[in-house]
Novice: 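Starting off with a structure, shown below.
Atom set for the values below is all heavy atoms of this structure, side chains included, hydrogens, waters and symmetry mates excluded. Atoms within a ligand are numbered from 1 in the order they appear, just like the ligands themselves.
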Amino acid sequence: MEAIVYEEFGGPGVLRHTTGVAVPEPGPGEVRVKVAAVGVNPVDWKRRYGWVEEFYPTTFPAVPGLEFAGTVHGLGEGVTGLAVGDEVLGWTKTGAYAEYAVAGIVAPKPAGLSWEAAASLPVAGETARRVLDLIGVRAGETLFLHGAAGVVGSVGVQLAVAAGITVVGSASEANHAYLRGLGAIPVTYGEGLADRVRAAAPDGVDAVFDAAGHGVLPVAIELLGGEGAARKGRIATIADVEAEKYGIAFSGVVGDPDAVRAGLTAHARQAAEGTLAVRLADTLPLKEAARAQELSESGHVRGKLVLIP
Ligand SMILES: NC(=O)c1ccc[n+]([C@@H]2O[C@H](COP(=O)([O-])OP(=O)(O)OC[C@H]3O[C@@H](n4cnc5c(N)ncnc54)[C@H](OP(=O)(O)O)[C@@H]3O)[C@@H](O)[C@H]2O)c1
């Protein structure tokens, strides 16, 4: 089958397009999917560099890609409630940058939701939900979301705003109108960020979701009352590997599969109804995976990059 593979850690040049990979077989409880669209994530190139082995140990040859939308093509032992031909979205264990992939967690793709939109939801939806739950932010509170216009950040904004939370979100100015459209109060990141957040939220910030990294944790601590403040438990990052140094939670482990499946089903339904959306930055053929990862690594893609096998 067609796939992108790499056999050593390194830059985009280690990615190779091939048609010589064996079609993967689903194990018990798993399904094989014919992939229609693949979501590109920053973790794809972080894994390719060998930076996240602690969370995602690599076996070579490796096929990148965590999330997909596609059609059920084969059923493993004991799978119920799914049939060959069903349209689904989900998480793969064998790598989504491929013609076929094996998945453990899938949800039905509502008719009317495009393949590209469906493939953009799994990682961002799960991550945003997990972090909002971890920091316990609730209706009536104010959240500072760093990197609010990124794919994860923008889903976090939408879920939080829908739950009655006031969101101050940082982004470059080109993304401020987009954030306003999602219901957030935009601020520009960089020097003076804490003052701009305080001006945007004069009654204070209750919780911080760092979805971008770039050294924002000292600002987050300052906003919640300074070093040693009990409220430090209300800050979480998904992108700053120095979190532990500050006594802040790094959230990097995908939740319980049943909860992830339920969340994915709900997010797909909301996306089909038009109440949750991920911006589509570009669609590229699978062969251009290296270019897609280079674009992702630039850090300012405006929305999701999607690959089509
Ligand atoms: N731990 C986990 O479970 C988990 C899960 C998913 C993602 N992640 C990580 O979360 C991060 C975001 O992922 P994503 O898919 O949302 O990526 P993305 O769509 O590429 O978004 C990245 C965002 O970072 C912002 N940014 C770039 N430079 C910045 C700076 N110097 N200061 C502040 N913000 C800056 C960009 O904002 P502008 O474009 O407005 O400049 C952009 O919106 C990545 O590091 C990814 O690896 C972690």
Novice: Report yes if some N/O of Gly213 lies less than 3.5 Å from some N/O of ligand 1; otherwise report no.
Specialist: no

Novice: Where do Ala281 and Arg302 come nearest, in terms of heavy atoms and distance?
Specialist: CB-O, 3.6 Å

Novice: Just wondering, do Asp86 and Lys109 contact through their side chains at under 4.5 Å, heavy atoms?
Specialist: no

Novice: For atom 17 (O) of ligand 1, state which one of Gly150, Pro42, Gly190 supplies the nearest heavy atom.
Specialist: Pro42

Novice: Among all the protein's non-hydrogen atoms, which is closest to atom 8 (N) of ligand 1, and how far away is it?
Specialist: Ile238 CD1, 3.6 Å

Novice: Roughly how far, to the nearest 0.5 Å, is OH of Tyr49 from CD of Gln293?
Specialist: 9.0 Å

Novice: How far is atom 38 (P) of ligand 1 from the closest protein heavy atom, and which atom is that?
Specialist: Ser172 OG, 3.3 Å

Novice: For atom 11 (C) of ligand 1, what is the nearest protein heavy atom, given as residue, atom name and distance?
Specialist: Ala211 O, 3.4 Å

Novice: For atom 26 (N) of ligand 1, what's the nearest protein heavy-atom neighbour? Residue, atom name and distance, please.
Specialist: Tyr189 OH, 3.9 Å

Novice: Any N or O on Arg130 sitting closer than 3.5 Å to an N or O of ligand 1?
Specialist: yes

Novice: Do me a favour and list the nearest non-hydrogen protein atom to atom 47 (O) of ligand 1 with residue, atom name and distance?
Specialist: Lys46 NZ, 2.7 Å

Novice: Under 4.0 angstrom from ligand 1, any heavy atom of Asn175?
Specialist: yes

Novice: List every atom of ligand 1 that sits less than 4.0 Å from any heavy atom of Ala239, numbering the atoms from 1 in the order shown and giving each element.
Specialist: 45 (O)

Novice: Is the side chain of Asp206 donor-acceptor paired with the backbone N or O of Thr142 at a distance under 3.5 Å, no angle test?
Specialist: yes

Novice: Mind running side-chain hydrogen bond (donor to acceptor under 3.5 Å, both in side chains) on Tyr246 and Asp240 for me, showing each step along the way?
Specialist: CA-CA 10 Å; Tyr246 295 102; Asp240 194 330; over 6 Å; no

Novice: May I ask you to list the atoms of ligand 1 that are less than 4.0 angstrom from any heavy atom of Ser251?
Specialist: 1 (N), 2 (C), 3 (O)

Novice: Return the closest protein heavy atom for atom 36 (C) of ligand 1 as residue, atom name and distance.
Specialist: Gly299 O, 3.3 Å

Novice: Nearest protein heavy atom to atom 5 (C) of ligand 1, by residue and atom, and its distance?
Specialist: Thr127 OG1, 3.3 Å

Novice: Between ligand 1 and Asn41, is the shortest N or O to N or O distance under 3.5 Å?
Specialist: no

Novice: Please confirm whether Lys304 approaches ligand 1 to less than 4.0 Å, judged on its heavy atoms.
Specialist: no

Novice: Please confirm whether Arg279 makes a cation-pi placement over Tyr178, using NZ or CZ under 6.0 Å from the six-membered ring centre and within 45° of the ring normal.
Specialist: yes

Novice: Which residue supplies the protein heavy atom nearest to atom 19 (O) of ligand 1, what is that atom called, and how far is it?
Specialist: Val151 N, 2.9 Å

Novice: Using a strict cut-off of 4.0 Å, indicate which atoms of ligand 1 neighbour a heavy atom of Gly252.
Specialist: 1 (N), 3 (O)

Novice: I'd like to know whether Glu2 forms a side-chain hydrogen bond (donor to acceptor under 3.5 Å, both in side chains) with His17, so could you lay out the CA-CA distance, the side-chain angles of the two residues, the decisive distance to 0.1 Å, and finally the verdict.
Specialist: CA-CA 7 Å; Glu2 181 191 14; His17 178 259; 2.7 Å; yes

Novice: Short question: side chain of Ser154, backbone of Val151 - any donor-acceptor pair under 3.5 Å?
Specialist: yes

Novice: Measure across Leu179 and Ala171 and return the closest heavy-atom pair with its distance rounded to 0.1 Å.
Specialist: CD1-CB, 3.7 Å

Novice: Under 4.0 Å from a heavy atom of His146: which atoms of ligand 1 are those, numbered in the order shown and with their elements?
Specialist: 32 (N), 33 (C)

Novice: Could you tell me which atoms of ligand 1, counted from 1 in the order shown, lie closer than 4.0 angstrom to a heavy atom of Ala171?
Specialist: 40 (O)

Novice: Going by an N to O cut-off under 4.0 Å, is there a salt bridge joining Arg48 and Asp44?
Specialist: no

Novice: Please report whether the ring centroid of His214 lies less than 6.0 Å from that of Tyr189.
Specialist: no

Novice: Taking the six-membered ring for Trp and the single ring otherwise, decide whether the centroids of Phe9 and Phe60 are under 6.0 Å apart.
Specialist: yes

